[in-house]
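Letters A, B, ... mirror the listed sequences (proteins, then strands); counts begin at 1. A quick note: this is a predicted structure, and the numbers were derived from the prediction, not measured.
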There are 2 protein chains.
Amino acid sequence: MLETLPKRKIRDVIAERLKSHIVSEGLVPGDRLPNETELAEQFGVSRLSLREATKALEFLGIVESRTGVGLSVGHIDMDRVTSHLGFHPALHQADPLPLIDSRIVIETGVLPHVAKRMAEDPSIHENLQGIVDRFRSARKLQQWIDLDIEFHRTLLDASGLSPLVAFSDLLQVFFRQFRDSVKTAEWKSGIASHQRIVDCLQDGDVENAVAELRDHIGSHKRRMKVQK
Amino acid sequence: MLETLPKRKIRDVIAERLKSHIVSEGLVPGDRLPNETELAEQFGVSRLSLREATKALEFLGIVESRTGVGLSVGHIDMDRVTSHLGFHPALHQADPLPLIDSRIVIETGVLPHVAKRMAEDPSIHENLQGIVDRFRSARKLQQWIDLDIEFHRTLLDASGLSPLVAFSDLLQVFFRQFRDSVKTAEWKSGIASHQRIVDCLQDGDVENAVAELRDHIGSHKRRMKVQK
DNA sequence: AGGATTTAGATTATCAGACAATCAGATCTT
DNA sequence: AAGATCTGATTGTCTGATAATCTAAATCCT
């Protein structure tokens, strides 16, 4: 029997159909959707079932609903998703090695793009250097961590490959588990490491920048092993 | 006045309280939660409002509900979240070039991992070679396209970096639009290209495999430009 | 007694119908 | 014309009910 598939709930089906409707119609954030009763009829379900689907989607920011106005396509942002997810205990159970390696692949992979754009746009170097400078005046661990996140995000962003930026934001959530393991003693080496990455990029020395970044992110691996 | 904050919906408040309940009680995935009626009373709202909150959380995988059993803390996974990521505006942008470049970054980035694992596990090479062989007997365009997708997915999968596999699956959706532009004349060169990638990997020649793959995916770029 | 089957209770899934709250635009007033 | 008001549309929330599903206890057969 192949019928043992977990029976899909109505709302999941509806949510799926609503999503593909948005995609297939090429709707963009802000575009209006039909009202609840209309959609319910269209999908052949009760208004309540449709509501459960839209409310779930709204929770993610995929749709927006305003009282007295109606439904519209929402402006999804990863912050919203990550803030909902960040706390979840299951995230602390994910196998960390593939996560680390995935991050290495993405971040080192964008460096050639970054170097290229940096050569054309001086403000990119300024931004990165500015973050590194602020590292030096960080007094608390939390500050350091926040700056670290900002540095890597800025780096990704400088590549112009926004799909990877979005994915990296997501990955960052799963990295929360490592943040706490950063030792105060690692600050100094971390700052120097960031500085070297920026310098290499500025010189167009992609190869060394990659090596440095690989080692920088890979340091999480070593810390993991020690813990175990 | 601080009261100008957008009025929070009941379900959002409830969702928040439910989350903090999970945290404060230190619950882990699989742990049972009180039933809907009980929770509704506890929070002082109707069962329906509570339901909208739990359904939204369930959509994210934060809680699970099974008919006849009840609610429990959910097992969240990367794939689930990634599938929602599909709605991120970054992926919907009109410009396809960042999409192509993102794919190049990911697929070339995993090749070292693939080569490494291939040296230890002969079945990986067999799988890839098997797909390439099937390419040769493909008669219809659709067959060719399906095999192409399967080839790249198998390649990613062989890296063992499941987060990237999930993300690549997502990107694949947005690549559908290019697939139709594949010309029949390109079959032959495509097959040869795939074969070279497999051969290089088998020889441990990662460098050439990367170059080949970069060119392979990059061919979409050229096709795009011609169209414009 | 022991194992298989049935039944009962609990729980979620879905529905229908109603009323309140809110908002955008039309209408009325000055 | 400008502002205040009204109105219809739409979502927000509630109550109550029925169906579907699962767990576990009760029952039955051997």
Side-chain angles (χ1 to χ4, degrees), chain A residues 1-19 21-22 27 29-76, chain B residues 1-19 21-22 27 29-76:
Chain A
M1 285 281 276
L2 294 176
E3 306 302 330
T4 38
L5 297 172
K7 190 177 182 184
R8 303 196 63 189
K9 310 290 164 58
I10 285 190
R11 62 168 171 284
D12 290 330
V13 180
I14 300 301
E16 210 56 50
R17 288 179 63 182
L18 199 52
K19 285 209 296 184
H21 175 260
I22 293 175
L27 301 182
D31 285 355
R32 292 290 302 272
L33 292 168
N35 66 38
E36 291 185 350
T37 24
E38 208 166 310
L39 281 173
E41 277 180 25
Q42 198 170 316
F43 290 135
V45 298
S46 79
R47 188 187 150 207
L48 183 60
S49 293
L50 177 114
R51 244 181 101 76
E52 290 194 348
T54 60
K55 292 309 117 182
L57 292 176
E58 185 179 1
F59 202 67
L60 282 173
I62 292 174
V63 306
E64 275 173 15
S65 81
R66 278 180 304 162
T67 315
V69 180
L71 298 171
S72 53
V73 179
H75 305 73
I76 193 175
Chain B
M1 282 283 276
L2 294 175
E3 306 301 331
T4 38
L5 297 171
K7 189 177 181 183
R8 302 197 63 188
K9 308 291 163 58
I10 286 190
R11 62 169 173 282
D12 290 329
V13 180
I14 299 302
E16 211 56 49
R17 289 179 63 181
L18 200 51
K19 285 205 302 182
H21 175 260
I22 293 176
L27 301 180
D31 284 355
R32 293 290 301 273
L33 292 170
N35 67 40
E36 291 185 350
T37 351
E38 208 166 311
L39 281 174
E41 278 179 24
Q42 197 168 318
F43 290 137
V45 298
S46 79
R47 193 188 144 208
L48 182 60
S49 293
L50 177 113
R51 239 181 106 76
E52 291 196 345
T54 59
K55 293 310 118 184
L57 291 176
E58 185 180 1
F59 200 66
L60 271 174
I62 292 174
V63 306
E64 276 174 13
S65 82
R66 278 180 304 163
T67 315
V69 180
L71 298 170
S72 53
V73 180
H75 304 72
I76 200 168

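For A:R32 (side chain) and A:V69 (main-chain N/O), a donor-acceptor pair under 3.5 Å exists by modelled atom type.
A side chain to side chain contact (heavy atoms under 4.5 Å, CB included) with A:I22 is found for exactly one of A:D31, A:L27, A:L57, namely A:L27.
Backbone-only contact: B:R66 has heavy atoms under 4.0 Å from sugar-phosphate atoms and none from a base.
Side-chain nitrogen and oxygen atoms of B:K55 include none within less than 4.0 Å of the OP1 or OP2 phosphate oxygen of C:dT12. The side chain of A:S46 contributes an N or O atom lying less than 4.0 Å from OP1 or OP2 of C:dC15. For the OP1/OP2 pair of C:dT11 and a distance below 4.0 Å, the side-chain nitrogens and oxygens of B:S65 include no atom meeting the criterion.
A salt bridge links B:K55 to B:E58: one of the charged nitrogens lies within less than 4.0 Å of a carboxylate oxygen.
When each of A:T67 and A:L50 is assigned the nucleotide of DNA chain C with its nearest heavy atom, A:L50 is the one assigned upstream, toward the 5' end.
Atom P of nucleotide C:dA24 and atom CZ of A:R32 are separated by 10 Å, given to the nearest angstrom. Look at CD on A:E41: it is 14 Å from C1' on C:dA16, rounded to the nearest Å. Here the P atom of nucleotide C:dC15 and the CZ atom of B:R51 are 11 Å apart, to the nearest Å. Rounding to whole angstrom units, CD of residue A:E38 and C1' of D:dA9 are separated by 12 Å. Distance A:E36 CD to C:dC19 P: 19 Å, rounded to the nearest Å. Atom CG in B:L48 sits about 15 Å away from atom P in D:dT11, given to the nearest Å. The interatomic distance linking A:E64 (CD) with C:dC23 (P) rounds to 14 Å, in whole Å. Put simply, CG on A:N35 is 5 Å from P on D:dT10, counting in whole angstrom units.
On a pure distance criterion of 3.5 Å, no polar donor-acceptor pair joins the side chain of A:R47 and the base of C:dG17.
Residue B:L71 holds its CG atom at 6.5 Å from CG of B:L39, rounded to the nearest 0.5 Å.
Nearest approach of B:T54 to B:V63, heavy atoms of both residues: O-CG2, 3.6 Å.
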